[in-house]
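In listed order, ligands and their atoms are each counted from 1.
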Amino acid sequence: MTDALLPALLDPPAERPALAFPDGALTYPELATRAGALAQQIAGLKRVAVRATPTLDTAVGIVAALLAGVPAVPINPRSGPRELAHVVADAAPDAVLAAAAADADLLPPLAALPRFPIPRESARSTARNPDLDMPPSAPALVIYTSGTTGPPKGAVLSRVALAANLDALADAWAWTAADVLVHALPLFHVHGLVLGVLGPLRRGGSMRHLGTFSASSLARAVEDGATLVFGVPTHYHRLVDELAADPAAAAAVGRARLLVSGSAALTAVDHARLQRLTGLAVRERYGLTETLILTAARADEPVEPGTVGRPLADTEIRLVREDAGDDLGAVEVRGPGLFSGYLGGSDPTTQDGWFRTGDIGRWTASGSLALVGRKTTDLIKSGGFKIGAGEIENALLEHPAVAEVAVLGVPDDDLGERVVAFVVTSDRTDAGALVDHVAGLLAPHKRPREVRFVDALPRNDMGKVVKSRLLR
Ligand code: MCA
Ligand code: AMP
């Protein structure tokens, strides 16, 4: 294997399918020429934003940036104006890559940037592919992820982190050029973009984006040759209900090689129901934007439900226990997939290379990791999206009728957790007005699903809000 991040694009095999989306498909030679042409235009830029709709254009834009050695910042196309202003100011991209047809959709801070339309034709590019010349530590992607308090932070991921992590996953899942991956994930996070698009491209295999994850679209894809399925637990939760009513689709899905779930915990009930319906045990894997994937249930081992598998090759995991007798500990990690810090210079990794994930886990007898929760109630996982309570609290506090607020995640069958805001008002308002207020600033998934009005927030002797008491 060469040092290139995407070796299959260097000398692409004729006619081999690379990427398919509901809006179109490209073979490897087509992707190489289309992305290569755009790479030539953007070469030398410091950083580019990519309006990351779930489309072929986004994949071409990201691949072009990787080929050009220009770090790409994928942007949630449904970002609210508040987030977008923050991300554009923080990432300071030189330009935006967006489909020519998307011009009208670009919101002000993006619209003000120089724009490179993503080519729709596969014009031959003559340039030497610069992918080979990039130092491994060079930044490849900047992915924004929520923290507990302020606005999202841009995690810088190097080329070598992406390459090492994708190769370790290939080892865990026996993932090869023969695999056809299907999913319906968004392309502005690690799951859909790194695993879901760059994963198959690094292997020389192919990917089909379903647009919408449904029993019928998935069954058809597997009948058409899909071997690997990626999804978040919300996808699988919805799928079990659909498959229960459609035994033919369940049998078809059961012919896939691997069903993989991640980004949040799959419930034992959904795991068991899926296994009954399809005959397949879903393999879970665990990771963070900052660390890429840390553990995975391997393809060549039986699945241990309730665990996220073993550490990937070259990844070290330790559990930091409060008391020697505890079997639970705070999960810390060291390895080649770790990010290079947040944009702007902060890097919480310890001097000797350990990153604190914020998750709490324990080892099972077989050496798999079982996650039991998180250290903070200020991070919410809804539908696989990480949402910082502080960002929503800050947005709500800007509403004139809000005196105090605490936001937290409460268990939800479909989303895992849903965003709930506990509000003390200083003036008359209603839940709808507060939800609309947040929706006017932030992405739709950050909007509270529920607002509970309370007379006061529970506080400890120091005056700090004790969120856990709100749910009693
Ligand atoms: C959609 N809605 C949500 C969410 N998603 N509300 C709360 N939390 C959510 N996550 C809202 C929509 O705005 C809409 O509201 C309403 O729910 C119904 O939308 P619907 O179209 O049915 O939902 P959906 O679009 O099907 O979304 C569900 C989803 C989505 C597909 C599961 O949440 C999703 O794509 N999740 C993937 C998250 C992900 O990729 N995470 C990776 C980061 P209205 O109609 O009122 O507007 S984690 C990561 O990268 C690490 C490394 C890892 O481990 O993977
Ligand atoms: P993000 O920052 O969006 O990349 O989300 C990372 C967080 O998602 C982790 O810290 C975990 O809390 C959670 N997570 C990812 N995969 C899993 C999984 N398979 N099971 C449980 N939680 C997970």
Can I get a per-line list of side-chain donor-acceptor pairs under 3.5 Å for residues 228-237, giving both atom names and the distance, sequence neighbours left out?
unit_1, atom_1, unit_2, atom_2, d
Thr234, OG1, Asp414, O, 2.8
His235, ND1, Val232, N, 3.1
Tyr236, OH, Val229, O, 3.3
Tyr236, OH, Val260, N, 3.3
Tyr236, OH, Val260, O, 2.7
His237, ND1, Asp270, OD1, 3.3
His237, ND1, Asp270, OD2, 2.8
His237, NE2, Asp413, O, 3.4

Q. Which is it for Lys381 and ligand 2 at heavy atoms under 4.0 Å: side chain, backbone, both or neither?
A.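 Looking at Lys381 and ligand 2, just side chain atoms fall under 4.0 Å.
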
Purely on distance, is any nitrogen or oxygen of [X] under 3.5 Å from one on ligand 2?
X      : result
Tyr286 : no
Ser261 : no
Glu290 : no

(Q) What's the separation between atom NZ in Lys381 and atom CG in Asp412, rounded to the nearest 0.5 Å? (A) 15.0 Å

Q: To the nearest 0.5 Å, tell me how far Thr149 OG1 sits from Asn394 CG.
A: 8.0 Å

Q: Look at Glu290 together with Lys153 and state whether they make a salt bridge at an N to O cut-off of under 4.0 Å.
A: no

**Q.** Set of residues satisfying side chain to side chain donor-acceptor pair (under 3.5 Å) with respect to Lys386, sequence neighbours excluded
**A.**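 Per chain and number, Lys386 pairs via side chain to side chain donor-acceptor pair (under 3.5 Å) with no residue.
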
Q | Pick from Gly262, Ala264, Gly309, Gly416: the one approaching atom 18 (C) of ligand 2 most closely through a non-hydrogen atom | A |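 Closest candidate by heavy-atom distance is Ala264.
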
Q: Counting heavy atoms only, name the option from Gly384, Pro233, Ser263 that's nearest to atom 14 (N) of ligand 2.
A: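 Looking at heavy atoms only, Ser263 sits closest to atom 14 (N) of ligand 2.
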
Q: List the steps, then state whether side-chain contact (heavy atoms from CB on, under 4.5 Å) holds for Leu471 with Leu408.
A: CA-CA 9 Å; Leu471 293 177; Leu408 66 167; 3.7 Å; yes

Q | Sub-4.0 Å heavy-atom contact, Gly287 with ligand 2 | A |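 Within the 4.0 Å threshold, so yes.
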
(Q) Evaluate Phe355 against Phe339 for ring pair (Phe, Tyr, Trp, His ring centres under 6.0 Å), listing each step before the verdict. (A) CA-CA 10 Å; Phe355 179 85; Phe339 75 145; 5.5 Å; yes

Short list, please: which atoms of ligand 2 are under 4.0 Å from a heavy atom of [X]?
X      : answer
Val308 : 18 (C), 19 (N), 20 (N)
Ala265 : 20 (N), 21 (C), 22 (N)
Leu371 : 20 (N), 21 (C), 22 (N)
Glu284 : 19 (N), 20 (N)

Q.
I'd like to know if the side chain of Gln275 reaches the main chain of Leu280, judged simply by a donor and an acceptor atom lying under 3.5 Å from each other, with no hydrogens or angles considered.
A. no

**Q.** Arg257 side chain vs Trp173 backbone, donor-acceptor pair below 3.5 Å
**A.**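 At least one qualifying donor-acceptor pair exists.
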
Q | Atom CG of Asp430 with >12 non-hydrogen neighbours under 6.0 angstrom | A | yes

Distance to 0.1 Å, residue and atom name: give those for the protein heavy atom nearest to [atom].
atom                    : result
atom 19 (N) of ligand 2 : Arg285 O, 2.8 Å
atom 1 (P) of ligand 2  : Thr289 OG1, 3.5 Å
atom 12 (O) of ligand 2 : Asp359 OD1, 2.7 Å

Q: Show your reasoning for whether side-chain contact (heavy atoms from CB on, under 4.5 Å) applies to Asp167 and Arg203.
A: CA-CA 8 Å; Asp167 292 351; Arg203 300 273 71 82; 3.0 Å; yes

**Q.** Listed partners of Arg356 passing salt bridge (Lys or Arg N to Asp or Glu O under 4.0 Å), at least two apart
**A.**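 For Arg356, the residues satisfying salt bridge (Lys or Arg N to Asp or Glu O under 4.0 Å) (neighbours in sequence not counted) are Glu332.
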
Q.
Is the distance between the ring centroids of Phe188 and Tyr144 under 6.0 Å?
A.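 Ring centroids of Tyr144 and Phe188 are no less than 6.0 Å from each other.
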
Q. Contact residues of ligand 1 with a heavy-atom cut-off of under 4.0 Å?
A.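 For ligand 1, the contacting residues are Arg78, Leu185, Pro186, His189, Val190, His191, Val232, Thr234, His235, Arg238, Ser263, Arg285, Gly287, Leu288, Thr289, Lys381, Ser382, Gly383, Gly384, Phe385, Leu415, Pro444, His445, Arg447, Arg449.
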
